[in-house]
Protein chains: 2
Amino acid sequence: MEKYRDIGLKLTPQRLAILHYLEGNKDHPSAESIYRAVHKKFPTMSLATVYSTLSVLKEKGSVLELTLDPGKKRYDPKTTLHNHLICVSCKRIVDIHGEYKLDLTENEKQEYTIIKSHVEFYGLCPECNKIKTSPAKEASPCA
Amino acid sequence: MEKYRDIGLKLTPQRLAILHYLEGNKDHPSAESIYRAVHKKFPTMSLATVYSTLSVLKEKGSVLELTLDPGKKRYDPKTTLHNHLICVSCKRIVDIHGEYKLDLTENEKQEYTIIKSHVEFYGLCPECNKIKTSPAKEASPCA
DNA sequence: GTACGTGCAAAGGTTTTGCATTACA
DNA sequence: TGTAATGCAAAACCTTTGCACGTAC
């Protein structure tokens, strides 16, 4: 946690609670769900503080803001390049770690400069896939 | 335009105006910008009508709702699979037509079912790229 | 001690909804 | 004519902002 002080963050109890919640979190939570989780253990926490902390973490490059969910932003503490699958059944967002060769044509290489890329897969997450392919059970949305 | 009646759409003047505006449109407009454009020619048009028409068109598969812009939805009348580049300079969204091999590992193939995929490139659009690579001019955001 | 974070409430932007009126088919 | 679309206003969300107060360093 000291690494956050090193990048110029004042470590208040509220921020520590948010940082602990985010550490290793693979749920790609929204501001609201971070707030709900942290508010349980820390009833004075306000939603504005969550937004303001996320804004600072984003500036410092310590979280990624994901634009995958129509209607709200999601946050990802994993900041190295990776891709995502959006489950069409349960709406969960899960990490996909493969690297892909996304080669532009020669024409396109002249026209554009590419800085980075991100792949969104739409399909079934492991849990919903299991339900669907399991012969014994009726298919039903997970979560 | 008759194809829309065929899919069960009542063709009101408002809807025709929206459909004309969307036809061949490559700007990936938001509801608000569709409203602004159509309202000029059609002053009685209301924003609620734009939303309701977009909702029907989406259901019928005649437009795609894009979740690329944090804070608002964008709409794309091109419904065949293609990818997008988000210009980090001018924020324009432009189509990228290459097809990519996005092969999952054997492990992943067992875990997931993939229905479709979409690649977001971040970089410079043709206009901003031209400005940047042109030696004679100062770089400046386009649009 | 000071600069910055917190919490509250209000405001801003996008999208949805309810309802009376209007118009397509 | 009947069903569905329109337009208006209000409400529902998500996110940002202003400001008085509190706290990490």
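Chain naming here is simple, since letters A, B, ... match the order of the sequence lines and numbering starts at 1 in each. Side chains are part of it too, since the values below use all heavy atoms of this structure and drop only hydrogens, waters and symmetry mates.
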**Student:** With sequence neighbours excluded, tell me which residues meet side chain to side chain donor-acceptor pair (under 3.5 Å) with Ser30(B).
**Tutor:** Ser33(B)

**Student:** With the criterion being N/O to N/O and under 3.5 Å, what pairs connect the protein with nucleotides 23-25 of chain D, and how long is each?
**Tutor:**
unit_1	atom_1	unit_2	atom_2	d
dC25(D)	OP1	Arg5(A)	NH1	2.4
dC25(D)	OP1	Leu11(A)	N	3.2
dC25(D)	OP2	Arg5(A)	NH1	3.0

**Student:** Once you build an axis from the first five pairs and another from the last five of the helix from dG1(C)-dC25(D) to dA25(C)-dT1(D), how far apart in angle are they, to 10 degrees?
**Tutor:** 40°

**Student:** Tell me, please, which residues at least two apart from Arg74(A) pass salt bridge (Lys or Arg N to Asp or Glu O under 4.0 Å).
**Tutor:**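 Result, salt bridge (Lys or Arg N to Asp or Glu O under 4.0 Å) vs Arg74(A): Asp69(A).
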
**Student:** Kindly say if Thr44(B) contacts the phosphate of dG7(D), meaning a side-chain N or O under 4.0 Å from OP1 or OP2.
**Tutor:**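 Checking Thr44(B) against dG7(D): at least one side-chain N or O falls below 4.0 Å of OP1 or OP2.
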
**Student:** Would you say Gln14(B) reaches dC24(C)'s phosphate, i.e. side-chain N/O to OP1/OP2 under 4.0 Å?
**Tutor:**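 It does not, given that no N or O in the side chain of Gln14(B) lies less than 4.0 Å from OP1 or OP2 of dC24(C).
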
**Student:** Give me the distances for all protein-to-nucleotides 16-21 of chain C N/O pairs that come in under 3.5 Å?
**Tutor:**
none

**Student:** Any chance you could measure Phe121(A), atom CZ, to Ile93(A), atom CD1, to the nearest 0.5 Å?
**Tutor:**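 CD1 of Ile93(A) is found 14.5 Å from CZ of Phe121(A).
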
**Student:** Give a yes/no on whether any side-chain N or O of Ser46(A) is located under 4.0 angstrom from OP1 or OP2 of dC8(C).
**Tutor:**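 Answer is no, no contact under 4.0 Å.
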
**Student:** List in chain and number order the residues that pass side-chain contact (heavy atoms from CB on, under 4.5 Å) with Ala17(A), two or more places apart in sequence or in another chain; answer none if no residue qualifies.
**Tutor:** Val38(A), Phe42(A)

**Student:** Decide yes or no on ring-ring contact (aromatic ring centres under 6.0 Å, His included) for His82(A) and His118(A), but give the supporting numbers first.
**Tutor:** CA-CA 7 Å; His82(A) 64 288; His118(A) 174 244; 7.4 Å; no

**Student:** Should the pair Glu106(B)-Lys109(B) be classified as a salt bridge under the 4.0 Å nitrogen-to-oxygen rule?
**Tutor:**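 Between Lys109(B) and Glu106(B) there is a salt bridge, with a charged N closer than 4.0 Å to a carboxylate O.
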
**Student:** Taking atom C1' of dC24(C) as reference, at what distance in whole Å does atom OH of Tyr4(B) sit?
**Tutor:**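 Answer to the nearest Å: 19 Å.
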
